[in-house]
Amino acid sequence: MRTSPTRATGRKLISAAAVSAALVAAATTSVAVAQEPAAPGVTLDAAAQAVAVPAERLIVGYKTGAAEATSNQAADADAAAKGKEAGESLDFQRRLGTGAALVDLGEQLSKTDVADVIAEYKADPQVAYVVPDRLNKPMADPNDTEYAKQWDLFESTAGMRVPGAWTTATGTGVTVAVIDTGYVTHSDVAGNIVAGYDFISDTAVSVDGDGRDSNPADPGDWYAAGECDQAEGSSSSWHGTHVAGTIAAVTNNNKGVAGIAYNAKVSPVRALGKCGGYDSDIIDAITWASGGTVSGVPANTNVAKVINMSLGGGGACSSATQSAITGAFNRGTTVVVAAGNENANASTSNPANCNNVITVAATGRTGARASYSNYGSVVDISAPGGEMSTGNANGILSTLNSGAKTPSTESYAYYQGTSMATPHIAGLVALMKSANSSLTPAQIETAIKNNARALPGSCSGGCGAGLADAAKTVQAVSGSTGGGTTGTVFSSSTAVSIPDNGSAVESSIAVSGRTGNAPSALQVGVDITHTYRGDLVVTLVAPDGTTYPLKASSTSDSADNVNTTYTVNASSETANGTWKLRVQDVASSDTGKINGWKLTF
């Protein structure tokens with residue numbers, strides 16, 4: 001871990017190396033050059049948001065027993081009636097193999113017109129579902145020459161399932177601020193770099209000969225043996241450039257690697273230099289990047305809706321740092337931070353232990369927690385960070401520079417660390433904001449957690465909601481979930497404490513404005529913090545008191561927390577009314593709370 005330069009005493013710097021202590025770079029042989037709660041009452045998809053593009057046809061599924069479910073004549077008559085109500089001309093086309101009806105919308109309608117027709121069908125209690133007949137296209141891998149080595153994006157075992165998200169969003173219109181060591185020119189990222197800033201005020205740290213200025217170029221962060229409180233020296237890491245490449249390397253350019261949000265822009269914000277970076281510089285960087293005002297610094301013309309901080313240090317989150325993060329959060333910027341690389345509880349690492357951040361742990365290629373990654377209840381989500389003890393190719397490949405001290409030729413290299421996992425989530429957030437620009441930081445965090453999949457490998461100590469799933473998450477927030485649109489979301493973010501080995505507690509959601517019954521695939525998203533989830537019994541209670549078991553207790557489930565989405569057949573229940581999430585801790589020695597939950601109709 002880098003601390004203060006030897007020439008000074010009592011100075012504490014936050015360090016990239018503290019989070020990316022395992023930055024082991026390896027040259028790739030095939031590259032010519034050498035060588036990291038939804039807001040209450042918010043509706044994520046109303047009918048008008050349910051259609052990603054204007055549609056020409058709808059697929060309508062009727063409930064068993066409805067005449068339209070079997071009679072083409074009845075389905076045709078229903079289409080005509082629905083069309084009349086919506087002011088459009090609808091026509092039954094044919095019956096699908098599943099029994100659903102294909103309905104033609106006539107002349108191409110606008111999104112609003114299609115939404116009006118969908119609303120008519122949704123209001124009919126005999127209709128099980130109605131979805132646009134979407135046009136699918138062949139999916140081809142990017143033509144980037146090193147893409148096959150980016151297991152972290154696409155491999156079925158432990159990849160983040162990024163390609164499945166690209167059909168919906170690629171990051172267009174979103175700027176990601178990378179608060180790091182700056183940026184060294186690289187042709188595989190340059191097309192997506194926009195103006196940033198150098199916030200390092202101490203020339204001993206900046207090593208570029210000056211203080212703060214508008215040039216965030218990375219001059220190198222190497223140090224000699226005996227400097228930075230280290231017995232051995234270190235070459236320059238080009239850490240910020242590696243992070244930037246993971247987020248937004250130019251893609252489909254027949255070169256190098258693919259970026260997760262490859263049409264997003266990256267604003268390099270330099271706050272780490274030789275031996276690390278000061279809290280004060282990082283605080284100003286957070287404020288400025290998110291659109292806040294910093295004295296003596298010009299206004300930011302590339303305000304970021306996502307901040308990546310692959311950095312950290314020991315100790316509690318200071319009030320000063322928390323104030324800056326909260327300011328960014330309130331301005332609508334999502335802050336993504338690394339859990340740390342000490343194989344320790346992330347509660348001892350800042351800014352991982354700050355509030356209003358998404359804290360990211362690292363997994364290896366098998367899907368297990370990486371041996372170096374921090375863990376614990378402050379971790380929100382896991383993402384690929386690499387595990388190079390089993391081979392360099394099991395690290396994360398991204399853009400770099402071959403210079404040992406100062407910049408030389410551009411390169412690509414494998415690194416590992418929670419520094420590498422963090423930009424995977426920052427890239428995912430950029431995809432989400434590109435798909436749905438109205439999402440708040442709280443909604444983004446909840447969606448990432450609710451759509452994560454179970455960790456493919458083991459994790460001792462707690463790895464958050466699981467392994468992030470880019471395809472599922474982006475589809476969920478955009479309303480393009482395969483097989484149909486996501487419906488209206490009703491949520492509660494009121495925290496409810498769960499007593500240890502005590503009586504059941506309940507959290508309520510009032511559902512109104514619906515017509516007919518709840519769906520046969522009601523989605524119940526649950527966010528519960530608990531130190532031994534095997535103790536918990538979780539139940540959904542319908543407005544009439546009918547109970548639907550979601551989770552039973554288990555003596556073999558010793559992991560932390562319950563962050564998942566359950567599917568319930570609630571088609572016999574009236575949709576409107578007060579629904580409850582009932583949780584009981586049935587064994588002693590562990591505590592927790594309901595952070596929030598949601599129902600998606």
Side-chain angles (χ1 to χ4, degrees), residues 38 44-45 49 52-53 137 139-142 144 147 150 152-155 159-178 189 191-194 243-252 257-267 302-308 310 332-337 358 360 380-384 396 398 420-453 465-482 486:
L44 290 182
D45 348 292
Q49 294 172 292
V53 294
K137 299 178 181 180
M139 291 179 61
D141 287 341
D144 303 76
Y147 177 70
Q150 293 182 273
D152 47 306
L153 303 191
F154 61 80
E155 278 193 354
M160 210 173 74
R161 297 180 178 174
V162 174
W166 286 336
T167 57
T168 303
T170 56
T172 302
V174 181
T175 297
V176 182
V178 175
V189 189
N192 285 332
I193 297 293
V194 295
V243 168
T246 297
I247 295 170
V250 177
T251 301
N252 283 314
V257 295
I260 290 171
Y262 58 78
N263 279 328
K265 300 301 181 184
V266 169
S267 173
N302 296 296
V303 174
K305 289 304 177 185
V306 192
I307 289 176
N308 186 102
S310 293
T333 298
T334 300
V335 181
V336 186
V337 305
I358 299 176
V360 187
D380 295 302
I381 194 71
S382 295
I396 306 300
S398 188
M420 283 59 257
T422 304
H424 282 75
I425 300 302
L428 172 54
V429 175
L431 294 177
M432 296 167 71
K433 287 291 286 186
S434 179
N436 185 344
S437 61
S438 67
L439 292 172
T440 66
Q443 289 172 336
I444 285 170
E445 179 176 345
T446 298
I448 291 173
K449 290 179 176 180
N450 285 349
N451 291 286
R453 69 185 197 270
L467 182 62
D469 187 320
K472 185 178 177 183
T473 304
V474 171
Q475 288 167 356
V477 300
S478 67
S480 59
T481 301
T486 21

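Bear in mind the structure is a predicted one, so any value in this text is a computation, not a measurement.
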Where [X] and [Y] come nearest, the two heavy atoms and their spacing:
X      : Y      : value
Val474 : Ala169 : CG1-CB, 4.3 Å
Ala258 : Leu153 : O-CD1, 3.9 Å
Val176 : Ala430 : CG2-CB, 3.9 Å
Gly164 : Thr167 : O-OG1, 3.4 Å
Ile247 : Ala426 : CD1-CB, 4.1 Å
Met160 : Ala468 : CG-O, 3.1 Å

Go through it in stages, so that I can follow the logic: the residues are Ile448 and Val429, the test is side-chain contact (heavy atoms from CB on, under 4.5 Å), and I'd like the CA-CA distance, side-chain angles, deciding distance and then a yes or no. CA-CA 8 Å; Ile448 291 173; Val429 175; 3.9 Å; yes

Got a donor-acceptor contact below 3.5 angstrom from the [X] side chain to the [Y] backbone?
X      : Y      : answer
Ser398 : Thr246 : yes
Asp152 : Gly159 : no
Asn302 : Val194 : no
Thr333 : Ala304 : yes
Thr446 : Ala442 : yes
Lys449 : Asp380 : no
Asn192 : Ala248 : yes
Thr170 : Tyr262 : no

About how many Å separate [atom2] of [Y] and [atom1] of [X], when rounded to the nearest 0.5 Å?
X      : Y      : atom1 : atom2 : value
Asn450 : Lys472 : CG    : NZ    : 8.5 Å
Ile260 : Thr251 : CD1   : OG1   : 10.0 Å
Thr440 : Lys305 : OG1   : NZ    : 11.0 Å
Met432 : Ser437 : CE    : OG    : 12.5 Å
Lys265 : Ile193 : NZ    : CD1   : 9.0 Å
Ser267 : Ile307 : OG    : CD1   : 9.5 Å

Heavy atoms, side chains only, cut-off 4.5 Å: are [X] and [Y] in contact?
X      : Y      : result
Val162 : His424 : no
Asp469 : Asn451 : no
Pro142 : Asn252 : yes
Ile381 : Val360 : yes

Would you sort out whether Gln443 and Val477 count as a side-chain contact (heavy atoms from CB on, under 4.5 Å), showing the intermediate values? CA-CA 9 Å; Gln443 289 172 336; Val477 300; over 6 Å; no

In terms of ring plane angle, is the pair Phe154 and Tyr147 parallel, tilted or perpendicular, where the classes change at 30° and 60°?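 Rings of Phe154 and Tyr147: tilted, 30 to 60°.
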
Can you tell me which residue pairs pass the salt bridge (charged side-chain N to carboxylate O under 4.0 Å, His left out) test with a partner in residues 167-176, sequence neighbours excluded?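 Checked against salt bridge (charged side-chain N to carboxylate O under 4.0 Å, His left out) - neighbours excluded - no pair reaches residues 167-176.
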
Test side-chain contact (heavy atoms from CB on, under 4.5 Å) applied to Val174 and Leu431, step by step: CA-CA 8 Å; Val174 181; Leu431 294 177; over 6 Å; no

